[in-house]
Every structure is written in C-alpha cells, then in structure tokens.
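To keep things clear, I will list the structure first and then write my remarks on it.
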There are 2 protein chains.
Amino acid sequence: MADLELSIAPMHRIIKKAKAERVSESAAQALAEALEDIGIKIAKEAIEYAMHAGRKTVKSEDIEIATRKVVEK
Amino acid sequence: MADLELSIAPMHRIIKKAKAERVSESAAQALAEALEDIGIKIAKEAIEYAMHAGRKTVKSEDIEIATRKVVEK
C-alpha cells in the first residue's frame, strides 16, 4: 500500500517483542497494513463518540472506548 | 509508556485520515498504546499459527489469519 502511515521497522520490533524467532518482510508489511486499518476503524468510532459528547476534538477517552468496541476482549 | 515502538506523529495522521477535525495529544498517545497492544496480540497469535504449521518464521499469512481472530468484523 503506497500511502501507509506506519513504517515497517517498528512492526519488526513489535513481532520480536511477541517472541518470534524469525519474521518475514511481508509479515511486517502485513502487520503495518492491519494496524493502520484497525487504527482508522478505532479513529472513526472515536470521532462518533466525540461528536456524541458535543466535541470537535477527539480525546483519549474517545480512543479508549472505541478500542474496546473494535477489539475482542 | 516509555517503551512504545510506535511514534505519535503517524497516529495524528491516522486520526486525521478518519476525518477528525481536531485531535488531542493524549488521543494520539492513546492510539499508539492501543495499536501497540493490538499488534503484540496479533503477533502472538501469528506465532502460534506459524508454530502449528511447523515454521519458525512468521509469514504474512500468519499475520492475516491472526488479525481476523483479534479484530471483530
């Protein structure tokens, strides 16, 4: 994807943090794409929560509630 | 969080991509923390899939199936 905001190097580090022995380049790329999609999904939910609260500014509390909605616990 | 792999600037850009008017600094920080947690969760699942397939290398297909497991559709 040409317009990804997330870079690949931190993806390698995140997968290594999870204790992977080896990580393919395409796996790091796939994680960047997945996290960017999830980030946009969370942000869209967060904007809804901010608007519902009568705010134009997205705050951390909006992100936190939106994250709980998007990710299975 | 001191040891975050994700930086804050791309989080602002992701929230702006979702069409937010304004984004607080703490919201960008919260998104970095959320995406890093989700990334580690996806990576841990992906490692399980790789091991189950008899591989030591995490591949993109492992990340993709793990993402579908972690994120609600």
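In the text below, chain A, chain B and the rest are named by the order of the sequence lines, each starting its count at 1. Computation of the quantities below employed the complete heavy-atom set of this structure, encompassing side-chain atoms and omitting hydrogens, waters and symmetry-equivalent molecules.
In the hydrophobic clustering of this structure, B:Val71 does not group with B:Tyr49; members are Ile, Leu, Val, Met, Phe, Trp, Tyr whose side-chain heavy atoms approach within less than 4.5 Å, directly or through other members.
With a threshold of 4.5 angstrom between heavy atoms, B:Lys44 approaches chain A through its backbone and through its side chain. Using a 4.5 Å cut-off between heavy atoms, A:Ile42 contacts chain B through its side chain alone, with no backbone atom that close. Contact of A:Met51 with chain B is not made at all, since no heavy-atom distance falls under 4.5 Å.
Shown here for B:Ile40 and A:Ala18, the closest heavy-atom pair between the two residues is O-CB, 4.0 Å. For A:Lys19 against B:Ile47, the heavy-atom pair with the smallest separation is C-CD1, 3.7 Å. Residue A:Ala43 comes nearest to B:Ile15 through the heavy atom pair CB-CA, 3.9 Å, listed as atom of the first residue, atom of the second, then distance.
Near-neighbour residues of residues 56-66 of chain B relative to chain A, defined by a heavy atom under 4.5 Å from a heavy atom of that chain, comprise B:Lys56, B:Thr57, B:Val58, B:Lys59, B:Ser60, B:Ile63, B:Glu64.
Put simply, of B:Ala50, B:Ala30, B:Ala28, the one with the most heavy-atom pairs under 4.5 Å next to chain A is B:Ala30. Contact count versus chain B (heavy atoms, under 4.5 Å) is highest, among A:Ala20, A:Ala9, A:Ala46, for A:Ala20. When B:Glu21, B:Arg55, B:Met11 are compared by the number of non-hydrogen pairs under 4.5 Å with chain A, B:Glu21 comes out ahead.
Using a 4.5 Å heavy-atom cutoff, the side chains of B:Lys17 and A:Glu36 are in contact. Side-chain contact between B:Asp37 and A:Thr67: absent, with no pair of heavy atoms (C-beta onward) separated by less than 4.5 Å.
If you run side-chain hydrogen bond (donor to acceptor under 3.5 Å, both in side chains) between B:Glu5 and each of A:His12, A:Arg13, A:Lys16, only A:Arg13 comes through.
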